[in-house]
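Beneath this line is the structure, given in structure tokens, with notes to follow.
Residue numbers begin at 1 in each chain, while the letters A, B, ... track the order of the sequences. All values reported here derive from a predicted model rather than from experimental measurement.
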Amino acid sequence: MSAPKPASPFLRPNSQLDLPRLEQEILQFWRDGDIEGKSLRTTTRADGSGRPAFVFYDGPPFATGLPHYGHLLAGTIKDIVPRFWFMRGRSVERRFGWDCHGLPIESLVENELGLHGKADIERFGVPQFNAACRAGVLRFTGEWEKVVGRMGRWVDFRDDYKTMDFTFMESVWWCFGQLWDKGLIYEGYRVQPVSPALGTPLSNFEVAQGPQERDPVTRKEGHKRRQDPSLTVRFRLEDEDANLWAWTTTPWTLPSNLALAVHPDIDYVKVRVVDTGEVAYLEPGRLADYQQRGRVGATEELARLKGKDLVGRPYAPLLPFFADLRERPDGTRWCFKVLGATYVSTDSGTGIVHQAPAFGEDDYQVGQANGLPVVCPVNLSGIFDDRVGEFSGTFVKDADKPIVDRLKREHKVVDQDTIVHPYPHCYRTEQPLIYMALSTWFMRVETLRDELVANNKKIQWVPEHVGSGRFGNWLENARDWNLSRNRYWGTPLPVWRNDRDPADMVCIHSVAELERLAGLAAGSLADLHRENVDGITWPAPGGGTYRRIAEVFDCWFESGSMPYSQNHYPFDADKKAYVEDNLPADFIAEGLDQTRGWFYTLHVLSTALFGRPAFKNVIVNGLILAADGKKMSKRLKNYPDPAKVIDSFGADALRAYLINSAVVRGEPMKFGKDVNDLTGECVKETVRLAILPLWSAYYFLTTYALADGWTPTADDLGPQALEHPLDRWITSRVGGFLTNLTREYEAYELSNLVPHFLEICDDLNNWYIRRGRRRYWRANNPADVDKQRAYATLYRALVTIARAMAPVMPFFTEHLYQRLVVDPGLAVPGEESVHFTRFPEADVWARDEALEREVAAQRQVVGLGLGLRERERINVRRPLARLTIVHERPEELARFADPAVQEELKGELNVEEIAASADDSALVELSAKANFKTLGKRLGGKMKAVAAAVQALDQAALRRFLAEGRVEVEGEALGVDDVLLTRTPRPGLVVAHEAGVTVVLDTTQTPALRRKGLARELTKRVQDLRRDHELDMNERIVVTFRCGGELAAALADAAHAAEIRSETRADALQVVAPGTELAGDHVLEDTIDEEQVAITLTKA
RNA sequence: GGGCGUGUAGCUCAGUUGGUUAGAGCGUUGCCCUGAUAAGGCAGAGGUCGAUGGUUCGAGUCCAUCCACGCCCA
């Protein structure tokens, strides 16, 4: 090694890999070279030709929270796929989106301003409130940018889109206008849960987020339980001196009672209460229940009838407030009569149900079916208006008691009790919700169903079942979409209504149209939030004034419109064609929880507006749970801080960990290697599993290249004429790896990427490098072509694997590319980053599947041999005379005839000779089983008998079958493929068998073999001592052994002594007789084959 | 209550159109090579495949019912 070496272009890698630091350096490199920006905005290839677009839509997250693992996972998926397609020569625009509107930010601001409910907000002022929302909504964007960037996700924060942008909102108006023009928008009522404390209706999603509680009896999880009044009241019939008993848990809805409902087909009884003489109607089973509980005394039955016999009977209003609704203007009976309704049950109450159409979904439906009006004397804050006498101005829940008191005074109460039942509560205030009918704006989705379903069939879903199952079912049962909200901070619905004629409405399609109609100067509007448009009015041609309705959009409408709105479609002339050409998107990805959210609204709007799906491919990821299988909870601290995990183990490892899981196929994932993993140990494990193997191979290459001064050339990155079987083998394996990987990327099956990568790393480290080590050890000699090929092949494989994995592990692969390709000056212009290189083509890697099978066979034999050694407790240091490989097929045996192969096996297994044989009859017992796969269909019911007969064949019969290839049992002729032979090593022999291959170890010890083994045992102990002394590889030593017998004999053998000296870099070996005192600090004493030895060494 | 999914080794998960002896990683136990990597290699133990019933010559796989869990919806 004294000859002058050429300068190596490689940097000496640190022996300790510090991934987080390495990633920081790469981040700096990306910043310095605007690498990310170039990736995001490059639309042409190096030769100037255009890159076809790969269209990606980013779903907007709410800007009011901090990123959590779900976002990191989705972000990783949204990064890998675009990176891959960019490497495949496409241009990929990746604009980050922000969902700025909606209840999350409004609630946050309400809390911060100390406001409670809509009344407070309106007192505070909508302009001021919206200003606060605008100011507060982007508070976390800096944090998002930091975390997203640190994760290595390339996405454009400069050219982002916000749903509160003027241009975005104008496009939302355009979308709505198109729907309006197509007749897809209508106004209606829907009974909705309202949080009176917030003064706002809640979505079902928000209701579900409310406090939950387990029912103590049924153990079922449900709404929080609460105690309510349980009131049974009597309604006096107008056509008979009798009463109808009805039950309610919401006395405050009684002033709005407009009808009573019975089930037409169930039985009712007319009874006289013995004590009071009162005559009443109700369902008999319920009556029994009241009596059982002692709430009603003895009764006598006067009549029995069906519910339908009661339908139509009039009764007197319970309270007088809406008594004028008794008749229609034409004098026919309208309200206060009995109606039939099949939803009425006999589970509780009286079987006669009080109906207040404004305050219950069922009540509303029954009311609609019977032409009843909707009477709602309550506002969104739950306060009675002035139509209900002494209760006016009272909060509804506070009115329960006075209402009951009045009914008691009027002798209208049959029974008063309390009930504890699950009841929905507000997710923010924990106050009970109330249900009331609200005017809302709907989009007709039901009429689009067939088209929605047809378009869904054009989408490739990963996993497939979300598309056909969850999403498909949802589309088939799609209901009209309530897209208005009674809130403040959102895109206002662009509808202006004539205050003299509610049916006269104008829908605005653009800002220009509004300015023109309202007589405003063109360009005078710069913002479309409520404070700027609510005051805009203009006179209606036939009298009256157009004023804007109060509602704003459901923010899902906005995010569903992002394909158009983010490009200010159709107002931005420059982008109009771009938007139209790029529908549908190639790819989107979000979590399973978006099935009814963004996926749905994108699909509905795209189908309604353009008649096509919004996206072609979608990856649906599952939920990330804490290690304990519960939801991640800040309060419970049951998961590690993402920032800390990244700082400890690096973003690449986290990315690889997340992606190496069925969570990218919509299944839930527990974040942790076990229940107790609260530090991200699972990610550390991924470093070891997925990153260190590649790093180790890189470290090996550079270590030797530096020592040798080997320098790669551009040719080394292309195909070579290779001779060494190892080189041809790893080349073939890399080709297979690329084929597999490309297939997975193209199919959006990200969970399969890491497993393929691990396999190629194993091939590289545990076979190619391990078996080929000696090729790199040889003395430096430019004429040593084989050594050059060894370097070049390893080099090319490493660079290629790094490039293929660049989308998954963008940092580490960038590091490898910089060190291996850029530092030596081999990067072609325009490819200063690994992410600018073309994704490696599989077909330039020469496949040799026969060779792959051969190597697999070798590895199998080695595995069997090592297994035998272990079973026999003969360690690999002890040479054995012979390994015999037995296989019935000569072509299989031929694999091992090559002397080079035999040398490999001898080295791996430490045997003196490799032999082959075709006859294993002395070694193994044959046993046979019927091949069910081939015979099952043919034989059917006879299968069992044949199988038993095959199993019963004796050794002679089986050997005959082996020779002749056919056998007859139970009258059936069976061929080679019909019988499966198994070989079991005969007991007492050192034989192992696996899948046709049998190996035999000759464990006979001769004195010569024994001494050779002892010499190696001594060598190992000297090496151990060297390590104890922390001696460098080049330091020479003198070793003293104190031993006798066979050990001394082994040392006396000149060949063995020379071997020991060379292996341990010893200048001299001294042997002293047992009993002699040994000098030196480190004396190693040990027993080898029951002989004592002591060893010491000194530096030469 | 409905829809979709999940249930396989101590833990995390593979398991193809039904086919013979159900696999991997971690952990555990044992062993081991080493002039790249002990953050390594090899091997062993560990399974009523959630339960029951059915279809079939044959079921982890298909069907039915039930149980448990998750998500979504009502």
Side-chain angles (χ1 to χ4, degrees), chain A residues 13 15-17 204-205 207-208 220 361 463 465-466 468-474 476-477 479 591-597 622-623 625 627 629-631 660-662 665-677 681-682 684-689 691-704 707 751-752 755 758 762 765-766 769-770 773-774 776-777 862-863 865-871 873-877 907-908 910 928-947 951 979-980 982 1016 1020 1023 1027 1032-1034 1063-1065:
Chain A
S15 60
Q16 283 293 314
L17 180 60
N204 287 319
F205 177 69
V207 173
K220 286 222 166 194
E361 173 71 27
H465 67 75
V466 175
S468 57
R470 190 182 277 231
F471 195 70
N473 290 348
W474 177 248
E476 281 166 24
N477 299 304
R479 292 182 55 187
L592 191 58
D593 51 345
Q594 293 297 313
T595 314
R596 264 82 161 164
L623 196 72
L625 303 168
K630 297 188 183 125
K631 274 189 183 166
N660 187 24
S661 153
R665 288 207 312 266
E667 283 176 32
M669 168 199 203
K670 291 180 200 167
F671 190 91
K673 63 179 233 177
D674 58 47
V675 180
N676 302 314
D677 177 9
E681 200 61 23
C682 50
K684 185 180 180 183
E685 197 175 291
T686 306
V687 172
R688 189 160 54 84
L689 203 71
I691 296 181
L692 287 175
L694 193 60
W695 182 79
S696 171
Y698 158 75
Y699 189 80
F700 175 87
L701 173 71
T702 47
T703 302
Y704 282 94
S751 65
N752 293 332
L758 298 184
D762 183 64
N765 284 315
N766 294 329
I769 293 181
R770 188 158 69 90
R773 266 185 303 213
R774 285 182 181 79
Y776 306 87
W777 296 350
V862 168
L866 289 174
L868 277 177
R869 276 186 168 276
E870 177 164 336
R871 203 183 79 200
R873 301 261 162 203
I874 304 170
N875 73 38
V876 186
R877 286 190 292 275
E908 282 290 295
N910 195 15
K929 281 199 169 157
N931 184 349
F932 285 82
K933 206 165 184 173
T934 62
L935 293 174
K937 275 196 189 111
R938 204 167 95 203
L939 300 179
K942 205 176 172 188
M943 188 66 223
K944 266 188 177 149
V946 171
Q951 205 151 0
V979 177
L980 302 164
T982 336
R1016 284 194 59 171
K1020 173 191 151 53
Q1023 299 286 35
R1027 192 161 53 213
D1032 186 68
M1033 208 172 89
N1034 296 315
E1063 285 289 311
T1064 65
R1065 263 132 307 179

Find the distance [X]:[atom1] to [N]:[atom2] and express it as a whole number of Å.
X: Leu758(A); N: U12(B); atom1: CG; atom2: P; result: 20 Å
X: Asn766(A); N: C42(B); atom1: CG; atom2: C1'; result: 11 Å
X: Asn473(A); N: C72(B); atom1: CG; atom2: C1'; result: 11 Å
X: Leu692(A); N: A39(B); atom1: CG; atom2: C1'; result: 5 Å
X: Asn752(A); N: A14(B); atom1: CG; atom2: C1'; result: 10 Å
X: Asn910(A); N: C31(B); atom1: CG; atom2: C1'; result: 16 Å
X: Asn477(A); N: G2(B); atom1: CG; atom2: P; result: 14 Å
X: Met669(A); N: C71(B); atom1: CE; atom2: P; result: 17 Å

Measuring from [X]:[atom1] to [Y]:[atom2], what's the distance to the nearest 0.5 Å?
X: Asn766(A); Y: Ser696(A); atom1: CG; atom2: OG; value: 9.0 Å
X: Leu689(A); Y: Leu758(A); atom1: CG; atom2: CG; value: 5.0 Å
X: Glu476(A); Y: Phe471(A); atom1: CD; atom2: CZ; value: 11.5 Å
X: Phe700(A); Y: Trp695(A); atom1: CZ; atom2: CH2; value: 13.5 Å

From the options [options], select the nucleotide whose nearest atom is closest to the side chain of [X].
X: Arg773(A); options: U12(B), A36(B), G25(B); result: A36(B)
X: His465(A); options: G40(B), C4(B), A36(B); result: C4(B)
X: Leu689(A); options: G41(B), G35(B), G25(B); result: G25(B)

Holding to salt bridge (charged side-chain N to carboxylate O under 4.0 Å, His left out), I want the full list of residues that pass it with Arg770(A), two or more places apart in sequence or in another chain. Glu908(A)
Does OP1 or OP2 of [N] have a side-chain N or O of [X] closer than 4.0 Å?
X: Arg770(A); N: U37(B); result: no
X: Arg1016(A); N: U34(B); result: yes
X: Asn765(A); N: U37(B); result: no

Between Leu592(A) and Val687(A), which has a closest nucleotide on RNA chain B that is more 5'? Val687(A)
Taking for Trp474(A) and for Pro693(A) the nucleotide of RNA chain B with the nearest heavy atom, the one nearer the 5' end belongs to Pro693(A)
[N] versus [M] - spacing of their [atom1] atoms, nearest Å:
N: C71(B); M: U55(B); atom1: C1'; answer: 32 Å
N: A38(B); M: G19(B); atom1: C1'; answer: 43 Å
N: G50(B); M: A43(B); atom1: C1'; answer: 32 Å
N: G30(B); M: A45(B); atom1: P; answer: 15 Å
N: C62(B); M: A24(B); atom1: C1'; answer: 26 Å
N: U8(B); M: U61(B); atom1: C1'; answer: 12 Å
N: U52(B); M: U12(B); atom1: C1'; answer: 29 Å
N: G46(B); M: G54(B); atom1: P; answer: 31 Å

Restricting to non-hydrogen atoms, name the atom on Pro693(A) and the atom on Asn765(A) that form the minimum distance, rounded to 0.1 Å. O-ND2, 3.0 Å
Shortest non-hydrogen contact from Ser661(A) to Ser751(A)? O-CB, 3.4 Å
Evaluate the criterion side chain to side chain contact (heavy atoms under 4.5 Å, CB included) for residue pair Ile691(A) and Thr686(A); output intermediate values, then yes/no. CA-CA 7 Å; Ile691(A) 296 181; Thr686(A) 306; 5.9 Å; no
hbond_proxy Thr703(A) side chain to A36(B) base (donor-acceptor, 3.5 Å cutoff): no
What's Leu623(A) touching, base or sugar-phosphate or nothing? Going by heavy atoms closer than 4.0 Å. sugar-phosphate
Starting at the 5' end of RNA chain B, write a dot or bracket for each base, bracketing those in Watson-Crick or G-U wobble pairs whose two distances are under 3.5 Å and using | for partners on another strand. (((((((..((((.....[...)))).(((((.......))))).....(((((..]....)))))))))))).
